[in-house]
2 protein chains.
Amino acid sequence: MTEKQEKILQAALQLFAKEGYHATSTSKVAKKAGVSEGLIFRHFGNKEGLLQAILDEGEKKFKELVVNIVMESDPKGVIQKTIEMPVNIDKADYDFWKLQFKLKWELEVSGDKKMEPLHMALTNAFRKLNYQHPELEASLLILFIDGIGSATLKGSSLNVNELTQFLLHKYQVI
Amino acid sequence: MTEKQEKILQAALQLFAKEGYHATSTSKVAKKAGVSEGLIFRHFGNKEGLLQAILDEGEKKFKELVVNIVMESDPKGVIQKTIEMPVNIDKADYDFWKLQFKLKWELEVSGDKKMEPLHMALTNAFRKLNYQHPELEASLLILFIDGIGSATLKGSSLNVNELTQFLLHKYQVI
DNA sequence: GATGATTGTGAGTAATCACTTGCAAAAATA
DNA sequence: TATTTTTGCAAGTGATTACTCACAATCATC
């Protein structure tokens, strides 16, 4: 990966996250990255290839987050880490996660499969804690953290920290 | 409102909801509506005006939904109606609501203000039912219906009906 | 240091973009 | 019925789109 290649990825990430994929032209990306437009196509083939390169890195980052939760043996720890996921995301990575959420709508990427390991870990955790409907509890909690994540990245007026604390108490993991 | 004007709105709604606002060209809208492209600009000024016309109708429809909840006097009824909101949306209106959700990301429309009356109604309901943190409960529930709505419109594999029933029992409103 | 591969540029390309204009048909008003 | 207003179309407009290509500069390998 050359230096200019990374410049392109970084510029594309920022623009895609801010303006959206379709609203961002390759010429804008090139200008922001400080390279010629042709270089984008030399390295990434086409505009979609550029997006895919960003998405691939996204998949990697997300898996890292999930692994940290799945590895947790204490069921309460699993739930706590899940709830704290949105508030723990690095602000330097905001653009990155924003793009992921944006693309779920812009390109109709389901995202269900990626959540499966997390869903299973949560289901097990709730089962160990003798919840009556562990699968549903898992789905519900994922729905919540997805919503809190959305609110955080969209700059909603929602008090995310307060809500997180509230959830931690509700699930009695703290 | 002429017949062709409605044809344009209907075509634009379908295309914007499916492909997104930026990915849909005015020529595609015209072709789908069976009118000349110029007519779009005659009636709506520009592409954004066309979108705004759709959005205005959306605001109206949403307010109707919320009024039905806010008017409810029984606190449990307020919560029940809120939870059942996503499963009760008319399938004929799917494109419509999908566009609303899509635009929240594509154009960064906050949507917080629109939720305020609903949030207040829920807060009051939870207070009447002696919940310790009525505001937070309201925020949480709105987060949930937003998430369920997203899942429904995105065609997620999530079992929406089951989750709705689960919540109705969790909140003891049924 | 010659050679071949990789990295990079800048000026192209046709197609499509949102939008305009001139003019006719239709409708409303007188 | 004459006149004005509205509705509609077809053929444009310049700008921008994603993308290509010929050609340099830089690089690694022998």
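These numbers come from a predicted model, not from an experiment. So you know, we letter chains A, B, ... as the sequences are listed, proteins then strands, and number each from 1.
- Across the protein-nucleic acid pair, B/Y21 atom OH and C/dC17 atom C1' stand 12 Å apart, rounded to whole Å.
- Using a 4.0 Å cut-off, some side-chain N or O of A/T26 falls inside it from OP1 or OP2 of D/dA18.
- For the pair B/E108 and A/K98, the salt-bridge criterion is met [side-chain N within less than 4.0 Å of a carboxylate O].
- Every pair tested for salt bridge (Lys or Arg N to Asp or Glu O under 4.0 Å) that includes a residue from residues 13-25 of chain A fails, sequence neighbours excluded, so the list is empty.
- To the nearest angstrom, P of C/dA18 lies 14 Å from CD1 of B/I8.
- Side-chain N/O atoms of B/S27 include one lying less than 4.0 angstrom from OP1 or OP2 on C/dC17.
- In this structure, B/K31 atom NZ and D/dA10 atom P are separated by 13 Å, rounded to whole Å.
- Here C/dT16 presents its C1' atom at 11 Å from NZ of B/K28, a figure rounded to the nearest Å.
- The separation between B/E19 atom CD and C/dT16 atom C1' is 16 Å, rounded to whole Å.
- Evaluation of the salt bridge (Lys or Arg N to Asp or Glu O under 4.0 Å) test over residues 137-150 of chain B, restricted to residues two or more places apart or in two chains, returns A/K170-B/E137, B/K104-B/D146.
- Taken residue by residue, residues 34-51 of chain A places heavy atoms nearer than 4.0 Å to DNA chain C at A/V35, A/S36, A/G38, A/L39, A/R42, A/H43.
- Taking the centre and axis of the six-membered ring of B/F96, the NZ or CZ atom of B/K61 falls inside the cone set by 45° and 6.0 Å.
- The interatomic distance linking A/K4 (NZ) with D/dC27 (P) rounds to 11 Å, in whole Å.
- Between the NE2 atom of A/H22 and the C1' atom of C/dC17 there is a distance of 14 Å, given to the nearest Å.
- Side-chain atoms of B/N68 and B/E64 form no donor-acceptor pair, as typed in the model, at a separation below 3.5 Å.
- A straight line from CD of B/E3 to C1' of D/dG8 spans 12 Å, rounded to a whole angstrom.
- If you check the side chains of B/S27 and B/E37, you find no donor sitting under 3.5 Å from an acceptor.
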